[in-house]
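What follows is a single structure, written as C-alpha cells, with notes after it.
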Amino acid sequence: MSSADSANTWHFVSNHGQVLLCIYANPEIRMRDVAARVGITERAAQRILADLVSDGYVSRTRNGRRNSYAINREKEMRHPAQFGYEIGPLLDLLHRPR
C-alpha cells in the first residue's frame, strides 16, 4: 500500500464524531445533509444517529415534519483513554464555523 492509499483509509475523527459535529453546527440539520457532509450514506448517518441517541449523547425532538437535535455536552467520551472528559469541550475545539 502506498502512502497515498493509506492517507485515504483512516481519519482522526470517526464518522460518529463527524455526525456529532454536524449536529453541533446545525441542530436542525437533515440526515441527508449530514450524510453528504460526512461522505457516508443516509442510512449510515441514521444508524450513527441512533447510536448517539441510544447512548444519551443526542436527544431528538420532532418539530412538524422535521427533527431538531440537542447534544448532551456533559456526556463523557467512551474510550478508556478519555474517561472523565466531557464531549462539550471537544466539540468546541473541533467546530469551525462555515
Side-chain angles (χ1 to χ4, degrees):
M1 178 184 297
S2 73
S3 62
D5 292 336
S6 67
N8 295 324
T9 60
W10 67 275
H11 305 279
F12 279 104
V13 179
S14 70
N15 287 347
H16 280 69
Q18 294 292 350
V19 170
L20 200 56
L21 281 165
C22 287
I23 292 169
Y24 179 76
N26 179 1
E28 296 182 358
I29 194 167
R30 298 177 304 175
M31 283 301 106
R32 174 182 318 155
D33 298 327
V34 169
R37 187 163 296 154
V38 176
I40 58 178
T41 65
E42 188 172 348
R43 183 67 188 125
Q46 291 168 347
R47 280 193 302 270
I48 290 170
L49 177 63
D51 289 345
L52 295 170
V53 169
S54 70
D55 288 345
Y57 288 90
V58 174
S59 61
R60 178 179 11 209
T61 305
R62 189 80 172 161
N63 294 324
R65 295 178 54 184
R66 302 281 302 264
N67 288 319
S68 64
Y69 307 96
I71 295 174
N72 178 358
R73 295 177 49 85
E74 290 77 34
K75 187 81 172 164
E76 292 182 1
M77 292 185 220
R78 294 172 45 100
H79 194 279
Q82 286 83 41
F83 281 164
Y85 291 95
E86 297 175 350
I87 63 165
L90 178 67
L91 294 172
D92 293 340
L93 178 69
L94 294 176
H95 176 68
R96 180 180 56 165
R98 294 188 179 261

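- A donor-acceptor pair is defined here as one N or O able to donate and one able to accept, closer than 3.5 Å; no such pair exists between the side chain of R60 and the backbone of N67.
- To the nearest 0.5 Å, the span separating CD1 on I23 from CD1 on I48 amounts to 10.0 Å.
- You'll find the side chain of R66 reaches within 4.5 Å of the side chain of R30, heavy atoms only.
- Rounded to the nearest 0.5 Å, atoms CG (L93) and CG (L21) are 10.0 Å apart.
- Residues meeting the side-chain hydrogen bond (donor to acceptor under 3.5 Å, both in side chains) test with D51, sequence neighbours left out: H16.
- Listed by chain and number, the residues in a ring-ring contact (aromatic ring centres under 6.0 Å, His included) with Y69 amount to none (sequence neighbours excluded).
- Counting heavy atoms from C-beta on, the side chains of R37 and I29 come closer than 4.5 Å.
- Looking at every heavy atom in both residues, S68 comes nearest to E28 through CB-CG, 3.8 Å.
- Taking the side-chain hydrogen bond (donor to acceptor under 3.5 Å, both in side chains) definition, one finds that R78 meets it with D55, sequence neighbours left out.
- Across all non-hydrogen atoms, the minimal contact from G64 to R62 is O-NE, 3.3 Å.
- Nearest heavy atoms, L52 versus L20: CD1-CD1, 4.1 Å.
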Please tabulate, one pair per line, all N/O donor-acceptor pairs under 3.5 Å involving side-chain atoms of residues 38-47, not counting sequence neighbours.
residue: T41; atom: OG1; partner: A44; partner atom: N; Å: 3.0
residue: R43; atom: NH1; partner: Q46; partner atom: OE1; Å: 3.4

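- A 6.0 Å sphere centred on CZ of R73 holds more than 12 heavy atoms belonging to other residues, nucleotides or ligands.
- Applying the ring-ring contact (aromatic ring centres under 6.0 Å, His included) rule to F12 yields the partners W10; only residues at least two apart in sequence or on another chain are considered.
- A 4.5 Å side-chain heavy-atom check between H79 and Y85 finds every atom pair outside the cut-off.
- Contacts of R65 classified as side chain to side chain contact (heavy atoms under 4.5 Å, CB included), with partners at least two apart in sequence or in another chain: none.
- Of all heavy-atom pairs between E74 and E86, the closest is O-CG, 3.3 Å.
- Using a distance-only test at 3.5 Å, with no hydrogens or angles considered, a donor-acceptor pair links the side chain of Y57 to the main chain of E76.
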